Amino acid sequence: MWDPKKYLDFADHRARPFFELVARIDAEKPRRVVDLGCGPGNLTGVLAERWPDAQLDALDSSPEMVKEAQERGINARVLDVNDWEPDAETDVVVSNAVLQWVPNHLTLLAEWLTALPAGAWFAMQVPGNFDAPSHREIRALATEARWQGKLGEIALRSADAVSGPADYATVLAVGDTEVDVWETTYLQRLSGPDPVLEWVTGTALRPLRAALDDEDWREFRTELAPRLRVAYPARSDGTTWFPFRRIFAVAHKPSA
């Protein structure tokens with residue numbers, strides 16, 4: 001279960017990769033624009049403003065996120081990305097911080113790029129931090145005897161949850177498709193008590209939260225907090241540096 005409010009606690013930090021991704025899309029008058037994994041819809045409106053004449057499809061697998069997007073005036077609907085297929089008028093697809101949750105997404109990318117019409121743009125961004133201290137500490141705690149029986153394999157997403165830049169470039173380079181792939185590590189300055197814990201609570205810890213009752217969830221966070229403080233020590237001014245790697249890819253199919 002997604003918590004839109006918790007996800008938006010760091011809205012500015014989460015939005016920056018979206019804007020840098022969309023800036024690389026040079027579509028002028030797309031017929032249909034798809035926000036594939038729209039989340040709470042706080043960024044979907046940016047797509048509507050940029051391409052006001054396009055049909056905008058906002059899709060997400062989380063009913064909670066879709067409800068939040070609808071309350072923002074976005075015509076969003078619930079749909080798993082595994083069940084989505086582009087149609088003949090899908091000229092722009094944006095998938096921002098979604099595909100890391102989809103184990104078979106390389107296969108889907110190949111299918112989507114083949115199915116997209118001539119001249120279409122596909123833009124994606126995924127976090128590349130699954131081997132960062134934050135995620136290593138989560139996996140280490142979750143596999144301890146105290147928690148393993150309750151969490152099983154839920155927390156064990158490792159670095160292979162996403163592929164490398166070269167893998168995405170290879171999959172997206174269908175025929176004469178132009179591909180632009182890059183990565184960026186943001187050094188994010190977080191504030192407040194246990195800011196890294198609060199950050200991962202809105203994303204990486206979501207499956208664990210769903211598997212634990214309220215008391216166990218409080219205990220798990222209590223045990224995780226000091227580990228993250230050591231991995232990401234606070235500075236003298238109380239803020240914390242949080243390196244966050246992101247992988248971007250934009251593909252543009254040739255016009256007919």
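Computed from a prediction, not measured in an experiment: that's the story for all the values here.
Between the side chain of Arg31 and the backbone N or O of Ala88 there is at least one donor-acceptor pair closer than 3.5 Å. Between the side chain of Ser95 and the backbone N or O of Val98 there is no donor-acceptor pair closer than 3.5 Å. Of the possible polar contacts, none joining the Asp60 side chain to the Val66 backbone as a donor-acceptor pair under 3.5 Å is found. Of the possible polar contacts, none joining the Arg72 side chain to the Gly45 backbone as a donor-acceptor pair under 3.5 Å is found. Under the 3.5 Å distance criterion, the side-chain polar atoms of Asn129 are left unmatched by any main-chain donor or acceptor of Phe244. Not one N or O on the side chain of Trp112 forms a donor-acceptor pair closer than 3.5 Å with the backbone of Phe122. Listed for the Arg245 side chain is no donor-acceptor partner under 3.5 Å among the backbone atoms of Thr185. With hydrogens and angles disregarded, no donor-acceptor distance shorter than 3.5 Å links the side chain of Tyr168 to the backbone of Leu109. Side-chain N or O atoms of Lys253 include one that pairs as donor or acceptor with a backbone N or O of Leu113 at under 3.5 Å.
Taking each heavy atom of Ala225 and Leu197 in turn, the nearest pair found is CB-CD2, 3.8 Å. Between Trp121 and Arg24 the shortest heavy-atom distance is CZ3-O, 3.5 Å. Shortest non-hydrogen contact noted between Ser134 and Tyr232 is N-OH, 3.0 Å. Between Val162 and Gly128, the closest heavy-atom pair is CG2-CA, 4.3 Å. Residues Val33 and Pro30 come closest through the heavy atom pair CG2-CG, 3.7 Å. Ala76 approaches Gln70 most closely through the heavy-atom pair O-NE2, 2.9 Å.
Taking the six-membered ring where tryptophan is involved, the planes of His135 and Phe130 are perpendicular, since the angle between them exceeds 60° and thus also 30°. Taking the six-membered ring where tryptophan is involved, the planes of Phe248 and Tyr186 are perpendicular, since the angle between them exceeds 60° and thus also 30°.
Atom CG of Leu228 is separated from atom CD1 of Ile138 by 6.5 Å, given to the nearest 0.5 angstrom. Expressed to the nearest 0.5 Å, how far OG1 of Thr44 lies from CG of Asp35 amounts to 4.0 Å. Taking CG from Asp131 and CZ from Arg139, the interatomic distance works out to 6.0 Å, rounded to the nearest 0.5 Å. We find the CD-CZ distance between Glu28 and Arg50 to be 10.0 Å, quoted to the nearest 0.5 Å. In this structure, NE2 on His105 lies 13.0 Å from CD on Glu111, to the nearest 0.5 angstrom. Interatomic distance, OG of Ser61 versus CG of Leu36, reported as 10.0 Å (0.5 Å rounding).
Within 6.0 Å of the CG atom in Asp87, the count of heavy atoms belonging to other residues, nucleotides or ligands exceeds 12. Atom CG of Asp83 has more than 12 neighbouring heavy atoms from other residues, nucleotides or ligands inside a 6.0 Å radius.
Under 3.5 Å, the side chains of Trp199 and Gln188 contain no donor-acceptor pair of N or O atoms.
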key: side chain to side chain contact (heavy atoms under 4.5 Å, CB included) evaluation trace for Trp217 with Leu205   = CA-CA 10 Å; Trp217 170 239; Leu205 289 182; 3.8 Å; yes
ask   = How far apart are the C-alpha atoms of Trp147 and Leu208, what are their side-chain angles, what is the distance that settles it, and do they pass the side chain to side chain contact (heavy atoms under 4.5 Å, CB included) test?
value = CA-CA 10 Å; Trp147 297 106; Leu208 284 69; over 6 Å; no
query = Please walk me through it: do Asp216 and Arg209 pass salt bridge (charged side-chain N to carboxylate O under 4.0 Å, His left out)?
reply = CA-CA 9 Å; Asp216 283 338; Arg209 176 65 185 99; over 6 Å; no
task = Assess whether salt bridge (charged side-chain N to carboxylate O under 4.0 Å, His left out) is satisfied between Asp53 and Lys29, documenting all intermediate values.
result = CA-CA 7 Å; Asp53 296 327; Lys29 295 183 179 181; over 6 Å; no
message = Let's go through Val22 and Leu43 carefully: what are the C-alpha distance in whole Å and the side-chain angles of both, what is the deciding distance for side chain to side chain contact (heavy atoms under 4.5 Å, CB included) to 0.1 Å, and is it a yes or a no?
response = CA-CA 11 Å; Val22 173; Leu43 297 173; over 6 Å; no
task = Could you walk me through whether Arg227 and Glu144 pass the salt bridge (charged side-chain N to carboxylate O under 4.0 Å, His left out) test, one step at a time?
result = CA-CA 14 Å; Arg227 299 180 183 220; Glu144 290 182 359; 2.6 Å; yes
key: Worked verdict on Arg189 versus Arg235 for side chain to side chain contact (heavy atoms under 4.5 Å, CB included)   = CA-CA 10 Å; Arg189 193 175 189 179; Arg235 303 169 70 242; 2.9 Å; yes
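Gln125 is not listed as a side-chain neighbour of Gln100, based on a closest heavy-atom distance of 4.5 Å or more. With a 4.5 Å cut-off on side-chain heavy atoms, Val81 and Trp101 do not count as touching. Two residues are said to be in side-chain contact when any heavy atoms from C-beta on lie closer than 4.5 Å; Pro86 and Val93 fail this criterion. Trp51 is listed as a side-chain neighbour of Ile25, based on a closest heavy-atom distance under 4.5 Å. Within the 4.5 Å cutoff, the side chain of Trp84 has heavy atoms near those of the Val34 side chain.
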